[in-house]
Amino acid sequence: MAFDPIQEDCLRLILENMRRDRVFPLENPFYIARGMAAFQEDPARLIHTDRDRSFHLTARAAEAVDYRAPFMASEDEAIQQEDAARDHLAEAVALDPGNWDARRMLAELESESNDAFLAFLIEHRPEVEAAAREVVEGADDPYSRELARDLGLRPHLRWLAALASRSLISGRYSQALRVAEESLDAAPTDPAGVRHTAVLALAKLERSGDELRRFRRRHALAYRTGRPPRRHHLSDRQLDPWTLIAQMSIAWRSFDVAAANRSLSSLLKMGPHAAEALYHQAEFPEGIFSRVHVEPGSEDELILALSEATPLFQEGLGAPESAAFSAWVAENDQVRSALSADAATAREMQGAARPEGGN
């Protein structure tokens, strides 16, 4: 459900070295193993062209912003990571103006607002689509065909995913859903995870639970991800947190409290600290390369989905006669009971760890 920038950098470099060394067939496990070892030791050994270096710098920028900056000890350290990423991306664009990942990421870091970044995505979308077509139409050898089969089309999918996500944030829900559907038509397995943005858009558009289920059936291939089974209510079994949140929002808005509570119960089973995540509903910056990589079915996935669902949780704000959806979730008896149980467990563990005779 997410792209790993470092893995993608490695695969691209190995493929280009295969082209250079005329390795064929491409399914050569020994050559690939040597290439991966060389990449781990020193990626520079595999970099030979400006295009190679451009994407390598893009991957380093993504690693800095998406996977390092959020965990820095201070804000100054996080800013340093972003500044380094900005320098990497500027160099990447200079080396290869056709590196649309780098251009998109640099624009995001430099845009003054979400609306400004969204305008950039819309303006340059035709060029990105033309570049993707060129990758396919120009595939006249085994290496180019392999690139066109997957890696070469990913920048276009990431562009569409960013466009859908930013449309959702801007309140353009129909546009978000339309772009997501177009991305799913282009890549039915949905490696970019744009289906998750789509279900949130469906909920914001006040579509029914039946429409949400029809969307999932229509894009069954995208949902065939081998998610770990969970012992939930049958209707919620193996549902991802984005779908459960959308399902819960639709039911809450329709005054179907039983269904909303059932979806919430499923979310609470996603990890030992799920109640805390549902209570705080923390917002995190979106990944600039793509949706950040998290383990399917994990608590991290729940936290990410809750953050992306912020537009749903804001429902009800400004309406004196009804609490916000966020408050309904945070103050729900199920969440409060789980938090109390977690607190009691923590106290018991502290008591067990206290030295005998201690005060």
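The OG atom of S111 sits 8.5 Å away from the CZ atom of R166 when rounded to the nearest 0.5 Å. How far CZ of R103 is from CD of E108: 15.5 Å, rounded to the nearest 0.5 Å. Atom-to-atom distance recorded for D300:CG and L304:CG is 8.5 Å, nearest 0.5 angstrom. Going from atom NE2 of H156 over to atom CG of D101 covers 12.0 Å, rounded to the nearest 0.5 Å. From L106, atom CG reaches atom CD of E110 across 4.0 Å, with rounding to the nearest 0.5 Å. Taking CZ from F55 and CG from N99, the interatomic distance works out to 7.0 Å, rounded to the nearest 0.5 Å.
With hydrogens and angles disregarded, no donor-acceptor distance shorter than 3.5 Å links the side chain of S144 to the backbone of A139. At distances below 3.5 Å, at least one donor-acceptor pair connects side-chain atoms of R253 with backbone N or O atoms of A203. The backbone N or O of D333 lies less than 3.5 Å from a partner atom in the side chain of S337, making a donor-acceptor pair. Between the N17 side chain and the L13 main chain, a donor and an acceptor come within less than 3.5 Å of each other. In this structure a side-chain-to-backbone donor-acceptor pair under 3.5 Å is present from T58 to S54. Judged by distance alone, the side chain of S183 and the main-chain N or O of V179 form no donor-acceptor pair under 3.5 Å. Although no hydrogens or angles enter the test, the distance criterion places no donor-acceptor pair under 3.5 Å between the side chain of R158 and the main chain of R104. The backbone N or O of S326 lies less than 3.5 Å from a partner atom in the side chain of Q281, making a donor-acceptor pair. For S167 (side chain) and L163 (main-chain N/O), a donor-acceptor pair under 3.5 Å exists by modelled atom type. One N or O on the side chain of E299 and one on the backbone of H273 form a donor-acceptor pair closer than 3.5 Å.
The minimum heavy-atom distance between S170 and L118, with the atom names listed, is OG-CD2, 3.6 Å. Of all heavy-atom pairs spanning A116 and S113, the tightest one is N-OG, 3.1 Å. For the residue pair A102 and A92, the shortest heavy atom distance occurs at CB-CB, 3.9 Å. A148 and L153 make their closest contact through O-CD1, 3.2 Å (heavy atoms, listed as atom of the first residue, atom of the second, distance).
Side-chain atoms of R51 and L95, non-hydrogen and from C-beta on, never get closer than 4.5 Å to each other. Between L57 and L89, the closest side-chain pair of non-hydrogen atoms is not below 4.5 Å. For the pair L212/R207, no side-chain contact is recorded, criterion being any heavy-atom separation below 4.5 Å from C-beta on. At a threshold of 4.5 Å between non-hydrogen side-chain atoms, the residues L239 and R216 count as touching. Two residues are said to be in side-chain contact when any heavy atoms from C-beta on lie closer than 4.5 Å; L160 and V194 fail this criterion. Residues L306 and P241 have side chains not in contact (no heavy-atom distance under 4.5 Å, counting atoms from C-beta outward). Side-chain contact between L46 and D52 is absent, with no heavy atoms from C-beta onward closer than 4.5 Å. Contact of the R213 side chain with the T243 side chain is not registered, since no non-hydrogen atoms from C-beta on lie closer than 4.5 Å.
Between E63 and R68, at least one side-chain N (NZ, or NE/NH1/NH2) sits under 4.0 Å from a carboxylate O, which counts as a salt bridge. In this structure, R214 does not pair ionically with D210, as no charged nitrogen and carboxylate oxygen lie closer than 4.0 Å. Between D96 and R53, none of the side-chain N atoms (NZ, or NE/NH1/NH2) sits under 4.0 Å from a carboxylate O, so this pair counts as no salt bridge. Under 4.0 Å is where a charged nitrogen must lie from a carboxylate oxygen, and between E16 and R12 no such pair does. A salt bridge between E181 and R218 is present, with a side-chain N of the basic residue lying under 4.0 Å from a carboxylate O of the acidic one.
The residue from H196, E308, E301 that alone fulfils the side-chain hydrogen bond (donor to acceptor under 3.5 Å, both in side chains) condition with W242 is E308.
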D4/H293 under side chain to side chain donor-acceptor pair (under 3.5 Å): CA gap, chis, key distance, verdict: CA-CA 7 Å; D4 183 331; H293 181 75; over 6 Å; no
Trace of the side-chain contact (heavy atoms from CB on, under 4.5 Å) decision for L177 with R172: CA-CA 9 Å; L177 181 59; R172 303 183 187 186; over 6 Å; no
Test side chain to side chain donor-acceptor pair (under 3.5 Å) applied to D240 and Y223, step by step: CA-CA 9 Å; D240 58 85; Y223 283 100; 4.7 Å; no
Candidate pair R125 and E182, rule salt bridge (charged side-chain N to carboxylate O under 4.0 Å, His left out), full reasoning: CA-CA 13 Å; R125 178 181 175 180; E182 289 165 357; 2.6 Å; yes
Stepwise side-chain contact (heavy atoms from CB on, under 4.5 Å) check, Y31 with M18: CA-CA 8 Å; Y31 188 95; M18 283 182 157; 3.5 Å; yes
Audit row: W252, V329, side-chain contact (heavy atoms from CB on, under 4.5 Å) steps and yes/no: CA-CA 10 Å; W252 173 80; V329 172; over 6 Å; no
Steps toward salt bridge (charged side-chain N to carboxylate O under 4.0 Å, His left out) verdict (E146, R149): CA-CA 5 Å; E146 177 65 19; R149 188 183 64 83; 2.9 Å; yes
Check against salt bridge (charged side-chain N to carboxylate O under 4.0 Å, His left out), R154 and E8: CA-CA 10 Å; R154 291 185 181 186; E8 188 164 333; 3.0 Å; yes
side-chain contact (heavy atoms from CB on, under 4.5 Å) between L221 and D190, worked out: CA-CA 8 Å; L221 189 59; D190 191 25; over 6 Å; no
Salt bridge (charged side-chain N to carboxylate O under 4.0 Å, His left out) between E286 and R291, intermediate numbers included: CA-CA 7 Å; E286 295 207 358; R291 178 178 279 112; over 6 Å; no
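Atom CZ of R60 has 12 or fewer heavy atoms from other residues, nucleotides or ligands within 6.0 Å. Residue Y67 places its OH atom among more than 12 non-hydrogen atoms of other residues, nucleotides or ligands, all under 6.0 Å distant. More than 12 heavy atoms of other shown residues, nucleotides or ligands fall within 6.0 angstrom of atom CD in E211. Within a 6.0 Å sphere centred on CZ of R145, other residues, nucleotides and ligands contribute more than 12 heavy atoms.
Note: H219 and F215 meet the aromatic proximity criterion, with ring centroids under 6.0 Å apart. A centroid separation of less than 6.0 Å is found between the aromatic rings of W159 and F120.
Between F24 and Y143, the two ring planes are perpendicular [angle over 60°; tilted spans 30° to 60°]. Classified by interplanar angle (parallel below 30°, tilted 30° to 60°, perpendicular above 60°), the ring pair F3/F289 is perpendicular.
Between the side chains of E283 and S307, no donor-acceptor pair of N or O atoms lies under 3.5 Å.
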